[in-house]
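Data block below; observations after.
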Amino acid sequence: MKIRTYLLLLLGGTLLMTGCRKEDEIFEPDEIIVPGDPDGPDDPGQTKILGFYLLNEGNMGSNKSTLDYFDYESSTYHRNIFADANPSVPKELGDVGNDLKIYGSKLYAVINCSNKIEVMDARTVARLGQIDIPNCRYIKFHEGYAYVTSYAGPVQLNPTYEQLGYVAKVDTTTFEVVATCLVGFQPDELEIVENTLYVANSGGYMFPNYENTVSVIDLNSLTETGRIEVDINLHRLRADNHGNLWVSSRGDYDRNSSCLYWIETATGTVNGPLDIAVSNFCIDGDSLYLYSAGWNNHRWTTRSLTGL
């Protein structure tokens, strides 16, 4: 698989900064020299990787989301590069970085509680524009459009939450929302297989009444054609090369643990679960790689990078 010549994006890479703070910490732009191979990873037959971006989530309500970049050629880690490249932007990136993707020559950062997507030049990180979507979560691209999941309503834990989420279709040349499609409650990751869009509905604000479905959307009409029941509090969603759609459940953080399922897209058949906690995962060829820090009220389960 060819890798872009100018960088490698750490997909969905968000760094959760947790713990108690006695006072606010200001992250000034700086550089750190990292010991190691200055030439970076390089495999025969592949284009040289120059580096990767990392989106730091930041504590909710603190407007502390930041963007970092690691340069393989100089072995240098650059912190808070958005602020450095865009000193006139108030509050910098904003509140809670949730997703990060490259499409064409642009870099898109989904900033959840700031209700926006920052669009930047993928080489310079210079700000190109902003897409306003309330409580936005994840982004996916297809044929010149971005598809973004939105919780639609406010951050509010409520078992009788009434606001359905939706998927917004965004023109990547004008940054305008051109259409929307209602889905389930608190939709998270989304995946495209051929001309069908799948959305993992979590119902995460509705404890203990979580959602348990994957929405199926026809991309031509942007209408929901059905839902597939899987498990509660769904989160991650990835397609493999064999017509399967892999989806993770966070569980309820109590008796129902985090686990992993796979859906046969041709029939809608749900298989699983695999009893393994999943924080995030990717699929490369016929291998699935995941990392996790699954937890509940009764036990901790930690797993580093794992191949299935």
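What you see below is based on every heavy atom in this structure, not just the backbone, and it leaves out hydrogens, waters and symmetry mates.
- Closest heavy-atom contact between Ser215 and Arg227: OG-NE, 3.8 Å.
- Each of Thr149, Val110, Ile111 was checked for a side-chain contact (heavy atoms from CB on, under 4.5 Å) with Cys136, and the lone residue meeting it is Val110.
- Between the side chains of Asp218 and Ser221, at least one donor-acceptor pair of N or O atoms lies under 3.5 Å.
- The existence of a salt bridge linking Glu189 and Arg238 is confirmed by a sub-4.0 Å separation between a basic side-chain nitrogen and an acidic carboxylate oxygen.
- Using modelled atom types and a 3.5 Å distance limit, the side chains of Asp68 and Tyr77 yield a donor-acceptor pair.
- Side chains of Ser248 and Ser258 form no contact here, defined as non-hydrogen atoms less than 4.5 Å apart.
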Exercise for the section: Go through the steps to decide whether Tyr205 and Tyr151 satisfy the test ring pair (Phe, Tyr, Trp, His ring centres under 6.0 Å), and finish with yes or no. Expected result: CA-CA 9 Å; Tyr205 288 170; Tyr151 280 10; 5.0 Å; yes
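- Checking His78 against Tyr53 by side-chain atom types alone, no donor-acceptor pair falls below 3.5 Å.
- Taking every heavy atom of both residues into account, Leu190 and Val148 meet most closely at CD1-N, 4.4 Å.
- In summary, of the residues considered (Asp171, Thr172, Val177), a side-chain contact (heavy atoms from CB on, under 4.5 Å) with Thr174 occurs for Asp171 alone.
- Residues Phe141 and Ile133 share a hydrophobic cluster, clusters being chains of Ile/Leu/Val/Met/Phe/Trp/Tyr side chains in contact below 4.5 Å.
- What you find for Asn56 and Leu67 is that their closest heavy atoms are ND2-N, 4.5 Å.
- Nearest heavy atom pair, residue Ile131 against residue Val119, reads CD1-CG2, 3.9 Å.
- When side chains are defined from C-beta on, His242 does not count as touching Glu264, because their heavy atoms never get closer than 4.5 Å.
- Residues Ser202 and Ile232 form no side-chain contact, since every pair of their non-hydrogen atoms from C-beta on lies 4.5 Å or further apart.
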Exercise for the section: Mind running side chain to side chain contact (heavy atoms under 4.5 Å, CB included) on Val214 and Asn201 for me, showing each step along the way? Expected result: CA-CA 6 Å; Val214 171; Asn201 299 308; 5.9 Å; no
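- Tyr147 has its side chain within reach of Leu222: a pair of non-hydrogen atoms, C-beta onward, lies under 4.5 Å apart.
- If you check the side chains of Asp188 and Gln186, you find no donor sitting under 3.5 Å from an acceptor.
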Exercise for the section: Dump the intermediate steps for side chain to side chain contact (heavy atoms under 4.5 Å, CB included) on Asp231 and Cys259, then the final yes or no. Expected result: CA-CA 9 Å; Asp231 200 348; Cys259 57; 3.6 Å; yes
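- Closest non-hydrogen pair, Asp84 versus Pro87, comes out as O-CD, 3.8 Å.
- Under the 4.5 Å side-chain criterion, counting only non-hydrogen atoms from C-beta, His142 is in contact with Leu219.
- Under the 4.5 Å side-chain criterion, counting only non-hydrogen atoms from C-beta, Pro134 is in contact with Tyr166.
- Between the side chains of Thr213 and Glu211, at least one donor N or O lies within less than 3.5 Å of an accepting N or O.
- Under 3.5 Å, the side chains of Asn135 and Asn112 contain a donor-acceptor pair of N or O atoms.
- Considering every non-hydrogen atom in both Asp95 and Asn59, the closest pair reads OD1-O, 3.6 Å.
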